[in-house]
Novice: 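Please read through the structure below; I'll follow up with questions.
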Protein chains: 2
Amino acid sequence: MNSKTHNHLDIGSILSEKGISRTNFRTKLVNYFYSSNKSLSVDDILKYFNNSINKVTVYRSLVSFENNGLIHKVPDTNNLMRYSLCRKEECSPISHNHNHGHFICYSCNQTFCLEGVKYPEIISMKGFYVKEFKLTAEGYCKECYKN
Amino acid sequence: MNSKTHNHLDIGSILSEKGISRTNFRTKLVNYFYSSNKSLSVDDILKYFNNSINKVTVYRSLVSFENNGLIHKVPDTNNLMRYSLCRKEECSPISHNHNHGHFICYSCNQTFCLEGVKYPEIISMKGFYVKEFKLTAEGYCKECYKN
DNA sequence: ATAAAAAACGCAACCAAGTTGCATTTATTT
DNA sequence: AAATAAATGCAACTTGGTTGCGTTTTTTAT
Ligand SMILES: [Mn+2]
Ligand SMILES: [Mn+2]
Ligand SMILES: [Zn+2]
Ligand SMILES: [Zn+2]
């Protein structure tokens, strides 16, 4: 078990550590995030729980997770929101630091953070005062392109 | 009057040239695009026409304009669609070629095409097969930042 | 210029994603 | 264990956008 793998106990304590209430649903939800390694839409989550949970609860849990530095938003090209686990190095309950784009695979839905290029710098060089930006790319990842 | 300025007659013939029906509303709409030099949301357009036009008509006109290479979509960071005139060099009734991002000013709503960087190449270098992508930046343009 | 064909328009109804208020249940603090 | 705070479910609502269909306007063919 490497350092990036978490068992149930670990994940439960992640919630506590981040100051998120350790409810039944939220524990299962954070487990879903860790086990799927994909960006999740609200619809993904509702289906995963067989619509046994109210969508309002899902939205509010996601807001809480985001505010506490556990996940971040990943908009896709169809104006639909997805959510993806934050990396420890970048995010904390205090602030997010996602100055990079995301790639989403049509086939496997995995989400890749595009760290290589720091977009805000590129843009501010042109004389714009940038407050927000987002880059999303979609297509097929290496693995899925083979098949 | 430079080459980028169009009077009413010019704009009317733009519609015909592109194969778009020359209706009363569409003529006024394309004029609005040319005179405002901003990206327009459906809401902007409805307000401009004092809600005298049906929103369905607005949406269908925009689809037609887009299909005929007259305008292109500019998504903002709040998952709202905006629309902006295409440049002749890039777009035709046959195909759009917007492989660049956009900057939208919070204050004046002007839209700037960010031509400098060709994003798809950057991403495909990393081994992804990119089918779609978008970059949007928002903030304040040079002019508005001064004030 | 006129008639036929095609496209645009308005209306009403609908959809999907997301939000809000409030009463009830569950978790955390003391 | 009691008091307090937070999470949940429900119903109702909002916003951005879509669909079907009958009527009007524009385009095309004669
Ligand atoms: Mn990321
Ligand atoms: Mn552009
Ligand atoms: Zn894939
Ligand atoms: Zn500006």
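Letters go in sequence order (proteins before strands), and every chain restarts at 1. Not measured: the values here are computed from a predicted model.
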Novice: For the residue pair A:Phe49 and A:Tyr32, categorise the inter-ring angle as parallel (less than 30°), tilted (30 to 60°) or perpendicular (more than 60°).
Specialist: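 Perpendicular: the ring planes of A:Phe49 and A:Tyr32 meet at over 60°.
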Novice: Separation of A:Leu62 atom CG from C:dG18 atom P, in whole Å?
Specialist: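 The distance from CG of A:Leu62 to P of C:dG18 comes to 10 Å, rounded to the nearest Å.
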Novice: Could you tell me which non-hydrogen atom of B:Asn37 sits nearest to which non-hydrogen atom of B:Gln110, and how far apart they are?
Specialist: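 Of all heavy-atom pairs spanning B:Asn37 and B:Gln110, the closest is ND2-NE2, 3.0 Å.
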Novice: In the structure I gave you, are the side-chain heavy atoms of A:Glu138 and B:Val130 within less than 4.5 Å of one another anywhere?
Specialist: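 No - every pair of side-chain heavy atoms lies 4.5 Å or more apart.
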Novice: For residues A:Ser84 and A:Phe33, report the shortest heavy-atom separation together with the two atoms involved.
Specialist: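 Closest approach of A:Ser84 to A:Phe33: N-CE2, 4.2 Å.
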Novice: Taking C-beta and beyond as the side chain, do B:Ile53 and B:Leu29 meet within less than 4.5 Å on heavy atoms?
Specialist: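 Not in contact.
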Novice: Could you state the CZ-C1' distance from B:Arg26 to C:dA7, rounded to the nearest angstrom?
Specialist: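 After rounding, the gap between these two atoms is 8 Å.
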Novice: How close or far is atom P of C:dA8 from atom CG of B:Asn68, stated in whole angstroms?
Specialist: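 Value for this atom pair: 9 Å.
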Novice: Which two nucleotides bound the region of DNA chain D that has atoms under 4.0 Å from heavy atoms of chain A, read 5' to 3'?
Specialist: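 So the contact region on DNA chain D extends D:dA6 to D:dA11.
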Novice: Write down the distance between OH (B:Tyr59) and C1' (C:dC14), rounded to a whole number of angstrom.
Specialist: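 After rounding, the reported distance stands at 14 Å.
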Novice: How long is the line joining NZ of A:Lys55 and C1' of C:dT20, in whole Å?
Specialist: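 So the two atoms are 12 Å apart, to the nearest Å.
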Novice: Report the residue (B:Ser16 or B:Tyr83) whose heavy-atom-nearest nucleotide on DNA chain D is the more 5′ of the two.
Specialist: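 With B:Ser16 and B:Tyr83 compared, the 5'-side residue is B:Tyr83.
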Novice: Return no unless some side-chain N or O of B:Thr23 is found under 4.0 Å from OP1 or OP2 of C:dA8.
Specialist: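 So the side chain of B:Thr23 is outside the cut-off, no N or O lying under 4.0 Å from OP1 or OP2 of C:dA8.
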Novice: Tell me whether the side-chain N or O atoms of B:Arg60 pair up with the base of C:dG10 as donor and acceptor below 3.5 Å, since no angle test is needed here.
Specialist: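 Yes.
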Novice: State whether the side chain of A:Thr111 and the backbone N or O of A:Ile104 hold a donor-acceptor pair below 3.5 Å, judged by distance alone.
Specialist: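 No, A:Thr111 side chain to A:Ile104 backbone: no donor-acceptor pair under 3.5 Å.
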Novice: Would you call A:Tyr48 and A:Asp44 a side-chain contact if the rule is heavy atoms closer than 4.5 Å?
Specialist: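 A:Tyr48 does not reach A:Asp44 side chain to side chain.
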Novice: Between A:Glu132 and B:Tyr106, which heavy-atom pair has the shortest distance, and what is it?
Specialist: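 Shortest heavy-atom contact: OE1-OH, 3.0 Å.
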Novice: Can you tell me the distance, in whole Å, between the CZ atom of B:Phe65 and the P atom of C:dA7?
Specialist: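 Rounded to the whole Å, the gap is 16 Å.
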Novice: Taking side chain as C-beta onward, heavy atoms only, is A:Glu66 less than 4.5 Å from A:Lys73?
Specialist: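 In contact.
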Novice: What are the residues of residues 41-54 of chain B, sorted by number, that bring a heavy atom to within less than 4.0 Å of DNA chain C?
Specialist: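 Here the set is B:Ile53, B:Asn54.
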